[in-house]
Amino acid sequence: PSDYEYQSIQNQRVIMNLEKHGGKSEKKRPVDHWLYFASEEGRIQFVDEVSKLGYTIAGIEKLEDKENPYQLHILRHDTTIWRDVNKHVWELITLAQPLGGAYDGWGCPIEA
């Protein structure tokens with residue numbers, strides 16, 4: 001599958017798990033996203049772009065022995081309605097790829 005198709009499947013799995021544990025998809029909550037970049041410059045450019053979309057930086061690290069060692073953890077308050085999650089995740093993938101970035105998933109607290 002393409003990156004978008006794969007992530008859509010993963011999104012559905014996370015949402016089903018949230019709902020299984022009593023989470024309400026329509027309730028806004030902090031949603032965390034993780035990405036990895038090949039260069040620090042790509043990560044910096046990405047941060048500039050997603051800051052305009054309301055994301056905040058939750059963490060930045062450089063990891064050893066990784067193909068894309070420049071980790072980025074961002075978050076924004078959003079719902080976890082499937083179509084909304086897909087829209088947000090696909091947007092992040094589209095912004096990250098030209099900058100040498102790879103999207104690695106999302107998570108959030110369960111909001112009843």
Side-chain angles (χ1 to χ4, degrees):
S2 73
D3 290 342
Y4 299 97
E5 292 167 329
Y6 172 77
Q7 197 54 55
S8 182
I9 293 166
Q10 295 301 98
N11 294 344
Q12 186 63 35
R13 288 181 179 160
V14 173
I15 291 166
M16 287 172 48
N17 192 41
L18 288 170
E19 290 174 354
K20 178 180 168 184
H21 291 91
K24 304 289 184 205
S25 293
E26 64 279 353
K27 192 165 187 177
K28 284 194 171 190
R29 76 217 52 219
V31 178
D32 298 283
H33 301 270
W34 285 267
L35 300 102
Y36 294 86
F37 291 83
S39 72
E40 187 171 16
E41 295 79 17
R43 180 175 65 187
I44 289 168
Q45 289 177 354
F46 182 83
V47 167
D48 288 344
E49 291 300 314
V50 296
S51 295
K52 298 172 190 172
L53 300 174
Y55 290 92
T56 58
I57 299 171
I60 292 179
E61 285 189 51
K62 182 175 183 207
L63 307 172
E64 300 301 321
D65 301 326
K66 288 202 58 119
E67 183 178 336
N68 295 323
Y70 295 93
Q71 181 187 57
L72 177 63
H73 175 198
I74 59 174
L75 72 90
R76 184 173 76 178
H77 283 74
D78 284 311
T79 69
T80 56
I81 297 169
W82 190 56
R83 71 178 176 278
D84 293 341
V85 171
N86 279 342
K87 178 183 163 216
H88 303 311
V89 167
W90 294 348
E91 183 174 52
L92 294 173
I93 292 170
T94 300
L95 289 171
Q97 285 181 339
L99 300 172
Y103 185 82
D104 193 45
W106 64 277
C108 66
I110 297 171
E111 297 284 338

Answer with yes or no whether the hydrophobic clustering places Y36 together with Y103; edges join I, L, V, M, F, W, Y residues whose side-chain heavy atoms lie under 4.5 Å apart.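 In one cluster with Y36: Y103, no.
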Pairwise side-chain contact, H73 with I57, heavy-atom cut-off 4.5 Å (strictly under):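 No, every pair of side-chain atoms sits at 4.5 Å or beyond.
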Using the test side chain to side chain contact (heavy atoms under 4.5 Å, CB included), find all partners of L18 that sit at least two apart in sequence or belong to another chain.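 In terms of side chain to side chain contact (heavy atoms under 4.5 Å, CB included), with neighbours along the sequence ignored, L18 is linked to V14, T80, W106, C108, I110.
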State, to 0.1 Å, how close K66 and L63 come at their nearest heavy-atom pair, and which atoms those are.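 The answer is CD-CD1, 3.6 Å.
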Can you tell me how far apart CZ (R29) and NZ (K24) are? Round to the nearest 0.5 Å.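 Here the interatomic distance stands at 10.5 Å.
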List in chain and number order the residues that pass ring pair (Phe, Tyr, Trp, His ring centres under 6.0 Å) with Y55, two or more places apart in sequence or in another chain; answer none if no residue qualifies.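 If we apply the ring pair (Phe, Tyr, Trp, His ring centres under 6.0 Å) test to Y55, skipping adjacent residues, the hits are H33.
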Would you say Y4 has more than 12 foreign heavy atoms packed within less than 6.0 Å of its OH?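 It does: Y4 OH has more than 12 such atoms within range.
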Decide yes or no for L92 and I74: does some side-chain heavy atom of the first lie under 4.5 Å from some side-chain heavy atom of the second?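 Yes; the side chains approach each other to less than 4.5 Å.
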Does V31 belong to the same Ile/Leu/Val/Met/Phe/Trp/Tyr cluster as I15, with side-chain heavy atoms less than 4.5 Å apart forming each link?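 Cluster IDs for V31 and I15 match.
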Going by side chain to side chain contact (heavy atoms under 4.5 Å, CB included), name the residues that satisfy it together with E41, two or more places apart in sequence or in a different chain.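 Scan of E41 (side chain to side chain contact (heavy atoms under 4.5 Å, CB included), adjacent residues dropped) gives S39.
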Q12 side chain near M16 side chain, heavy-atom distance below 4.5 Å: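 Yes - at least one pair of side-chain heavy atoms lies under 4.5 Å apart.
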Hydrophobic clusters here meaning ILVMFWY residues chained together by side-chain heavy-atom distances under 4.5 Å, can you tell me if W34 and L95 are in one?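 W34 and L95: separate clusters.
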If you compare all heavy atoms of S25 against all heavy atoms of E19, which two are closest, and at what distance to 0.1 Å?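 Here S25 and E19 meet closest at OG-OE2, 2.9 Å.
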To the nearest 0.5 Å, what is the distance between CD1 (I81) and CG (N11)?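 CG of N11 is found 13.5 Å from CD1 of I81.
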Roughly how far, to the nearest 0.5 Å, is CD1 of I44 from CG of L99?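 If I round to the nearest 0.5 Å, the distance is 11.0 Å.
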Show me the pairs that pass salt bridge (charged side-chain N to carboxylate O under 4.0 Å, His left out) and involve residues 69-78, at least two apart or across chains.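 Sorted pair list: R76-D78.
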Between V50 and L75, is there shared hydrophobic-cluster membership here, with clusters defined by ILVMFWY side-chain heavy atoms closer than 4.5 Å?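 Hydrophobic grouping puts V50 apart from L75.
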Atom CG of D84 and atom OG1 of T79: how far apart are they, to the nearest 0.5 Å?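 Reported value, rounded in 0.5 Å steps: 4.0 Å.
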Name all residues meeting the salt bridge (Lys or Arg N to Asp or Glu O under 4.0 Å) criterion together with E91; count only those two or more places apart in sequence or in a different chain, and write none if there are none.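 None.
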Between the side chains of D3 and Q97, is a donor N or O closer than 3.5 angstrom to an acceptor N or O?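 D3 vs Q97: donor-acceptor pair found between side chains.
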Looking only at non-hydrogen atoms, find the nearest pair between S8 and W90 and report the distance.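 Nearest pair, atom of S8 first, then W90: CB-CZ2, 4.1 Å.
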Can you measure from CZ (R43) to CD (E61) and round to the nearest 0.5 angstrom?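 The distance works out to 9.0 Å.
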Which distance, rounded to the nearest 0.5 Å, do you find between the NZ of K62 and the CD of Q71?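 Reported value, rounded in 0.5 Å steps: 13.0 Å.
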Please name the pair of heavy atoms, one in P69 and one in A38, separated by the smallest distance, quoted to 0.1 Å.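 For P69 versus A38, the nearest heavy atoms are CD-O, 4.2 Å.
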Holding to ring pair (Phe, Tyr, Trp, His ring centres under 6.0 Å), I want the full list of residues that pass it with W82, two or more places apart in sequence or in another chain.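 Testing W82 for ring pair (Phe, Tyr, Trp, His ring centres under 6.0 Å), a comparison that skips the adjacent residues, returns none.
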In terms of hydrophobic clustering (I, L, V, M, F, W, Y; side-chain heavy atoms under 4.5 Å; direct or indirect links), are I60 and F46 co-clustered?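 Looking at the clustering, F46 is in the same group as I60.
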